[in-house]
Structure formats: structure tokens, C-alpha cells
Number of protein chains: 2
Amino acid sequence: MEVKEFLITDPSIQRSAEIAKALGHPARIAILKILAQRTNCFCGDITEILPLAQSTVSQHLKALKSAGLISGTVEGVKTCYCLNPDGVRELQTVLSELSSELFKTCC
Amino acid sequence: MEVKEFLITDPSIQRSAEIAKALGHPARIAILKILAQRTNCFCGDITEILPLAQSTVSQHLKALKSAGLISGTVEGVKTCYCLNPDGVRELQTVLSELSSELFKTCC
DNA sequence: TTTATTAATCGTATTTTTACGATGAATCAA
DNA sequence: TTGATTCATCGTAAAAATACGATTAATAAA
């Protein structure tokens, strides 16, 4: 059966899942919203806002960065985090395509 | 500091993360796409398409159902799964609001 | 230089996720 | 009734995610 293994290993599905997974934790969505409001900020700024330890925030930032949704630039002792426009565009494209594909049939 | 605990426990962020988490695995996205194409199908149909055991598929279906994205109706021996229009609408709303919020600042 | 600050990483513990085979309950067909 | 089918659930194992404190490396300030 050729269909087997087809859907799950499809790169576009993999990428969609990767992006969705990055959004799949309240702390990471909160971080993205903070970055959207303040344009850029340091790890410490986010740690002050969220009720999480610095190392935990750093881990979430790493996850968002490796999913391509944010960028981090070292500025001296600090690291400046920003939304990554390419990543956000991809997020928008991928998720809107998915939801309209689902929407078409069921709504 | 009042801002602490505010963002993460915000119900709308929690819900967004819950929906995103449900989409955060290739198998579950694949299942949603299958349901979008075939309108409805049984657990066995999906198990035939995906390279996963029946019990694993059943678990993914349960996850999608508890996130409100699909419905499952027992029809005799089988269970008929469909996209849940309300859930899909919510998915579309929540994710498009999020991505446009991010998009506004960064793109 | 010495000290302080910032953030990444390490080590670790706990929980959750993912996957499978086996079992069981419910229904249908013979 | 008996046997077959379907799918949820159980038990379990392995991997990944989540969180924290402690440490380290890099830079800035004293």
C-alpha cells in the first residue's frame, strides 16, 4: 500500500507539526506575544514577566529559536530576542492553509 | 509585580496552546487532513493509511477529540470520526488572531 | 585587575508523550 | 449461541518535555 508512510513523513506536515509544537505551551505563546508588544527584549525581561526560572525561560527561547520563530542576537552580556519575520510569515501561511483546508470540508 | 502569572494563566493563551499542542504531531495533522478529505471515517481506515498501530491511532484520535477538534460517534462495532466544525472554527479563529498579532509588529 | 551581570548550559528530577502488544467490551454475522 | 470484527483501554517501555538550582563563559563596570 503506497499510501502508508506517505502522510506522516510529508515534509510540509512535519514542518506544520514542528511549528504547532513550538506554539504548544502557554509560556512560549506568552513569549511570542511579549515580543510582539515590545519589538525586542532580553531574556531577563521575559524572566521578570513570566513566573518561571531564568533557565526555564532560556529553554523556551531556545525551542522557539530552533523552530525558526524568533532570533537571538548577543549584545554584550545580554541577548536580544526578536520575532523572526520569516518564521512568523511561515507560521501564518502554514497554519492558515491548514485551517482553511479543514474548514472547507467541515464548515 | 502584577504582570507575573498573568500571561501564562490567561485562559485564551491556555486554549491557544492546547489547540496548538493537538496539532503538534505529524500523525494528528495527517488524521485531520484525512478527515477533511473523506468527510468521515472509522479508526480502522486511518490505521490502514498511517504506519502506526491501531492502539496508537486510537490514542491520537483521543487527543484530537479531547482538544475539541474532532468528534467520534459509535456506529455499531465501529466508531465514526469527523472533524468538529466548532473546533475547527475555533482553531481558525485562535490561530489567525495569534498570527496576525505577531505579524503586525514584526512584518 | 576584580567584581558584578547576563544568559546559556549542565545535571537532575518529575511528568508527559509516544508507541506497542495484549486484553476486553460491544456489536454483528453465521 | 458461537465466532469474528472493531476499537477503547490497560500495562508497559522508551523517549521527550518541563522545571529548577548550580555552574560557567562572556562581557561590562568598578
Side-chain angles (χ1 to χ4, degrees), chain A residues 4-5 7-9 13-14 16-32 34-35 38 40-82, chain B residues 4-5 7-9 13-14 16-32 34-35 38 40-67 69-82 84:
Chain A
K4 278 213 184 194
E5 313 250 350
L7 276 161
I8 273 193
T9 52
I13 288 189
Q14 299 261 11
S16 303
E18 188 185 16
I19 291 176
K21 196 174 186 179
L23 300 179
H25 192 288
R28 290 194 290 271
I29 292 195
I31 290 172
L32 292 176
I34 292 169
L35 290 178
R38 311 187 28 173
N40 68 78
C41 51
F42 304 114
C43 178
D45 299 332
I46 297 168
T47 304
E48 271 181 22
I49 297 172
L50 301 182
L52 294 171
Q54 180 266 320
S55 56
T56 306
V57 170
S58 191
Q59 270 185 331
H60 284 304
L61 287 168
K62 191 179 177 184
L64 288 169
K65 194 176 170 190
S66 85
L69 300 181
I70 65 173
S71 65
T73 314
V74 177
E75 291 186 3
V77 192
K78 303 182 173 185
T79 304
C80 179
Y81 284 99
C82 301
Chain B
K4 278 212 186 197
E5 313 250 351
L7 276 161
I8 273 191
T9 52
I13 288 189
Q14 299 262 8
S16 304
E18 187 185 17
I19 291 175
K21 194 173 184 178
L23 300 179
H25 191 288
R28 290 194 290 271
I29 291 195
I31 290 173
L32 293 176
I34 291 170
L35 290 178
R38 312 187 27 173
N40 68 77
C41 52
F42 303 115
C43 178
D45 299 332
I46 297 168
T47 305
E48 270 181 24
I49 297 172
L50 301 182
L52 293 171
Q54 179 267 322
S55 56
T56 306
V57 171
S58 191
Q59 270 185 330
H60 284 304
L61 288 167
K62 191 180 178 184
L64 288 169
K65 194 177 170 189
S66 86
L69 300 182
I70 66 173
S71 65
T73 315
V74 177
E75 291 185 5
V77 192
K78 304 183 173 184
T79 304
C80 179
Y81 284 98
C82 301
N84 175 18

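No hydrogens, no waters, no symmetry mates; every other heavy atom, side chains included, goes into these values. Owing to the predicted nature of the structure, the values given are computational and were not obtained by experimental measurement. Every chain is numbered from 1 and lettered A, B, ... according to where its sequence line falls, protein lines coming before strand lines.
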| message | Which residues pass the side chain to side chain donor-acceptor pair (under 3.5 Å) test with A:E18, not counting sequence neighbours? | response | A:R15
| Are side-chain heavy atoms of B:I29 and A:S16 found at a separation under 4.5 Å? | yes
| field | Flag side-chain contact, heavy atom, 4.5 Å: B:L23 against B:L69 | value | yes
Distances under 3.5 Å between protein N/O atoms and the N/O atoms of nucleotides 21-23 of chain C, please, pair by pair.
| unit_1 | atom_1 | unit_2 | atom_2 | d |
| --- | --- | --- | --- | --- |
| C:dG21 | N7 | B:S55 | OG | 3.3 |
| C:dG21 | O6 | B:S55 | OG | 3.3 |

| request: Give, ordered by number, those residues of residues 57-79 of chain A having at least one heavy-atom distance below 4.0 Å to an atom of DNA chain D; if nothing qualifies, reply none. | output: A:Q59, A:H60, A:G76, A:V77
| task | Round to a whole Å and report the spacing from CZ of B:F42 to C1' of C:dA26. | result | 15 Å
| query | Which of residues 21-32 of chain B have a heavy atom under 4.0 Å from DNA chain C? | reply | B:K21, B:H25, B:R28
| note | Residues passing the side chain to side chain contact (heavy atoms under 4.5 Å, CB included) test with A:T56, sequence neighbours excluded, are A:L52, A:A53, A:H60
| task | Grab the two heavy atoms, one from B:A67 and one from B:A22, that are nearest each other, plus how far apart they are. | result | CB-CB, 3.7 Å
| task | Could you please spell out the steps behind the side-chain contact (heavy atoms from CB on, under 4.5 Å) verdict for B:Y81 and B:L61? | result | CA-CA 8 Å; B:Y81 284 98; B:L61 288 167; 3.5 Å; yes
| field | Nearest-Å distance for atom pair CD/P, residues B:E48 and D:dT5 | value | 13 Å
| remark: Note: A:L50 and A:A30 closest approach over all heavy atoms is CD2-CB, 3.9 Å
| A:C43 and A:V57, any side-chain heavy atoms less than 4.5 Å apart | yes
| request: Please list, chain by chain and in numerical order, all residues satisfying side chain to side chain contact (heavy atoms under 4.5 Å, CB included) with B:A63, sequence neighbours excluded. | output: B:R28
| query | Does A:Y81 have a side-chain nitrogen or oxygen under 4.0 Å from the phosphate oxygens OP1 or OP2 of C:dA8? | reply | yes
| message | Please determine whether side-chain contact (heavy atoms from CB on, under 4.5 Å) holds for the pair A:L64 and A:L32, giving the CA-CA distance in whole Å, both sets of side-chain angles, and the decisive distance to 0.1 Å. | response | CA-CA 9 Å; A:L64 288 169; A:L32 292 176; 4.1 Å; yes
